[in-house]
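Hydrogens, waters and symmetry mates play no part in the numbers below; they use all other heavy atoms, side chains included.
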Amino acid sequence: MKPNPKRSEVRTVPNVLEKLDELGIKYEKAEHEAVYTCEQAEFVKELVKGQGCKNLFLKNKKKEYFLYTLPDDQRADLKTLGKENHLGNLSFANENDLWDILGLKSGSVTPLGIINDTENKVTVLLDKRLVGQKMLVHPNRNTATISVEFDDMLRFIEDQKHKYVLV
């Protein structure tokens with residue numbers, strides 16, 4: 001069986017840290033071993049201060065895509081999220097869509113991935129509990145974490161011409 005080229009393909013993508021520097025957005029960065037879950041990433045909070053974030057790549061039946069960022073200690077209720085925000089029934093998008101749209105692999109999901117979404121297919125959903133916080137997110141790879149102010153994340157999202165909704 002031939003390997004899926006999307007899994008092994010190397011993409012030339014914009015450097016998200018260079019973009020943050022260009023925008024004058026300050027961040028702290030910690031390099032670390034690859035992490036794939038919030039539980040595995042718990043130690044990162046000792047390396048860089050901030051609110052750990054859980055990031056979910058979602059879609060609805062209309063094939064609209066959403067990146068939902070919430071505090072890592074909160075449970076995501078997709079049924080309520082979809083209903084209260086008139087998004088329809090939400091489910092997890094598949095790994096091929098994650099790669100094709102955001103250029104990310106599972107375990108590396110981050111709102112910063114929208115830098116690769118040149119067609120603006122993704123709407124960013126930010127949990128209101130993150131307002132005023134320093135957010136801990138991956139810089140498009142799960143072997144590093146950065147701490148960035150919530151308002152600076154909004155500036156980045158706006159610079160990328162993406163829609164966002166506080167939920």
Side-chain angles (χ1 to χ4, degrees), residues 1-23 25 27 29 31-41 44 52-72 74 76-79 81-83 85-127 130 135-146 148 152-167:
M1 185 161 84
K2 192 174 177 182
N4 183 342
K6 292 179 183 173
R7 292 290 142 245
S8 59
E9 176 183 341
V10 175
R11 293 178 60 156
T12 304
V13 295
N15 183 312
V16 72
L17 296 178
E18 287 176 7
K19 176 50 87 173
L20 293 176
D21 290 340
E22 179 185 309
L23 293 172
I25 293 175
Y27 58 88
K29 182 176 83 164
E31 297 283 340
H32 52 75
E33 64 195 45
V35 292
Y36 297 90
T37 66
C38 293
E39 292 77 23
Q40 289 177 350
V44 174
C53 292
K54 185 182 297 187
N55 299 284
L56 309 175
F57 187 51
L58 309 169
K59 69 176 183 175
N60 63 17
K61 289 183 180 176
K62 295 185 216 173
K63 294 214 180 227
E64 296 171 319
Y65 293 90
F66 306 92
L67 199 153
Y68 179 33
T69 301
L70 67 157
D72 65 354
Q74 300 297 310
D77 182 346
L78 300 186
K79 186 174 182 178
L81 178 68
K83 187 175 182 178
N85 295 284
H86 311 286
L87 304 174
N89 292 330
L90 296 173
S91 62
F92 289 96
N94 66 46
E95 287 188 40
N96 286 336
D97 288 342
L98 178 61
W99 178 256
D100 291 343
I101 297 169
L102 294 177
L104 300 174
K105 293 184 179 181
S106 187
S108 298
V109 180
T110 169
L112 299 174
I114 63 170
I115 197 170
N116 300 323
D117 178 19
T118 57
E119 296 177 27
N120 286 24
K121 292 182 176 182
V122 177
T123 298
V124 180
L125 307 174
L126 295 166
D127 191 290
L130 294 171
M135 301 169 60
L136 296 180
V137 296
H138 292 309
N140 294 347
R141 59 186 173 89
N142 66 350
T143 56
T145 298
I146 66 167
V148 62
D152 286 334
M153 182 63 74
L154 293 184
R155 276 200 314 129
F156 173 81
I157 294 167
E158 289 168 351
D159 178 76
Q160 297 303 301
K161 312 271 189 276
H162 275 68
K163 292 184 285 186
Y164 68 86
V165 179
L166 294 180
V167 296

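- Remark: side-chain polar atoms of Asn142 are not paired, donor with acceptor, to backbone N or O of Ser108 under 3.5 angstrom.
- Ion pairing between Arg155 and Glu158 fails under the 4.0 Å rule for side-chain N and carboxylate O.
- With a 4.5 Å cut-off on side-chain heavy atoms, Leu81 and Leu90 count as touching.
- In this structure, the side chains of Asp159 and Lys19 come closer than 4.5 Å at one or more pairs of heavy atoms.
- To the nearest 0.5 angstrom, Thr69 atom OG1 is 7.5 Å from Ile157 atom CD1.
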Discussion item. Using the rule given for side-chain contact (heavy atoms from CB on, under 4.5 Å), can you reason through Phe92 versus Leu78, listing the C-alpha separation, both sets of side-chain angles and the distance that settles it, and then say yes or no?
Written reply: CA-CA 9 Å; Phe92 289 96; Leu78 300 186; 3.9 Å; yes
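- How far CD of Gln160 is from CG of Asn116: 9.0 Å, rounded to the nearest 0.5 Å.
- Asn60 places a side-chain N or O within 3.5 Å of a backbone atom of Leu87 that can act as its donor or acceptor partner.
- Here the closest heavy-atom approach between residue His138 and residue Leu112 is recorded as O-CD1, 3.6 Å.
- Between Ile146 and Leu20, some side-chain heavy-atom pair lies under the 4.5 Å cut-off.
- With hydrogens and angles disregarded, no donor-acceptor distance shorter than 3.5 Å links the side chain of Asp72 to the backbone of Lys54.
- For the atom pair His162 NE2 and Leu154 CG, the distance stands at 14.0 Å (nearest 0.5 Å).
- Interatomic distance, Asn15 CG to Glu22 CD, rounded to the nearest 0.5 Å: 11.0 Å.
- When all heavy atoms of Pro139 and Ala144 are compared, the pair lying nearest together is CD-O, 3.2 Å.
- Residue-environment remark: CG (Asn89) stays at or below the threshold of 12 foreign heavy atoms within 6.0 Å.
- Among Asp97, Asp117, Thr123, the one residue that satisfies the side chain to side chain donor-acceptor pair (under 3.5 Å) test with Tyr65 is Asp97.
- Side-chain contact between Val109 and Leu56 is absent, with no heavy atoms from C-beta onward closer than 4.5 Å.
- Here the shortest heavy-atom pairing between Val16 and Asn140 reads CB-ND2, 3.8 Å.
- Here the closest non-hydrogen pair linking Pro71 and Leu130 is CG-CD2, 3.9 Å.
- Between Pro111 and Phe156, the shortest heavy-atom contact is O-CE2, 4.1 Å.
- Residues Val167 and Leu70 are not in side-chain contact: their nearest non-hydrogen atoms beyond the backbone lie 4.5 Å or more apart.
- Distance check, rounded to the nearest 0.5 Å: CG of Asp100 to CD of Glu119 gives 10.0 Å.
- Atom NZ of Lys161 is separated from atom OG1 of Thr118 by 14.0 Å, given to the nearest 0.5 angstrom.
- The two atoms that bring Leu98 and Lys105 nearest to each other are CD2-C, 3.6 Å, heavy atoms only.
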Worksheet item: When you look at Val122 and Leu102, which way does the side-chain contact (heavy atoms from CB on, under 4.5 Å) test go after all the steps?
Response: CA-CA 9 Å; Val122 177; Leu102 294 177; 4.0 Å; yes
